[in-house]
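Note that these values count all heavy atoms, side chains included, but never hydrogens, waters or copies made by symmetry.
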Amino acid sequence: MAVPKRKTSKARKAKRRTHFKLEVPGLNACPNCGSLRKSHHVCPSCGQYDGKEVVSQEA
């Protein structure tokens with residue numbers, strides 16, 4: 001059975017986990033209203049996608 005010969009130090013453990021982090025989703029400005037929205041998703045503010053109204057927004 002494989003058993004470590006030495007204890008893994010905190011620094012070595014932290015170096016291994018440098019890429020284990022949260023990422024901010026890519027946000028773009030909506031061409032219709034200018035608010036931030038996810039790429040290839042319906043705008044939550046105005047309800048438009050690809051220049052067409054997909055979800056009707058109540059006033």
When the side chains of residues 34-48 are checked against the rest of the protein, which donor-acceptor pairs come out under 3.5 Å, sequence neighbours left out?
{"residue": "Ser35", "atom": "OG", "partner": "Ser45", "partner atom": "OG", "Å": "3.1"}
{"residue": "Arg37", "atom": "NH1", "partner": "His41", "partner atom": "O", "Å": "3.3"}
{"residue": "Ser39", "atom": "OG", "partner": "Asn28", "partner atom": "ND2", "Å": "2.6"}
{"residue": "His41", "atom": "ND1", "partner": "Ser39", "partner atom": "O", "Å": "2.8"}

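- Within the structure, salt bridge (Lys or Arg N to Asp or Glu O under 4.0 Å) pairs that include any residue of residues 46-57 comprise Asp50-Lys52 (at least two apart or interchain).
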Can you give the donor-acceptor pairs under 3.5 Å from side chains of residues 1-26 to other protein atoms, not counting sequence neighbours?
{"residue": "Ser9", "atom": "OG", "partner": "Arg12", "partner atom": "N", "Å": "3.2"}
{"residue": "Thr18", "atom": "OG1", "partner": "Lys15", "partner atom": "O", "Å": "3.4"}
{"residue": "Lys21", "atom": "NZ", "partner": "Thr18", "partner atom": "O", "Å": "3.3"}

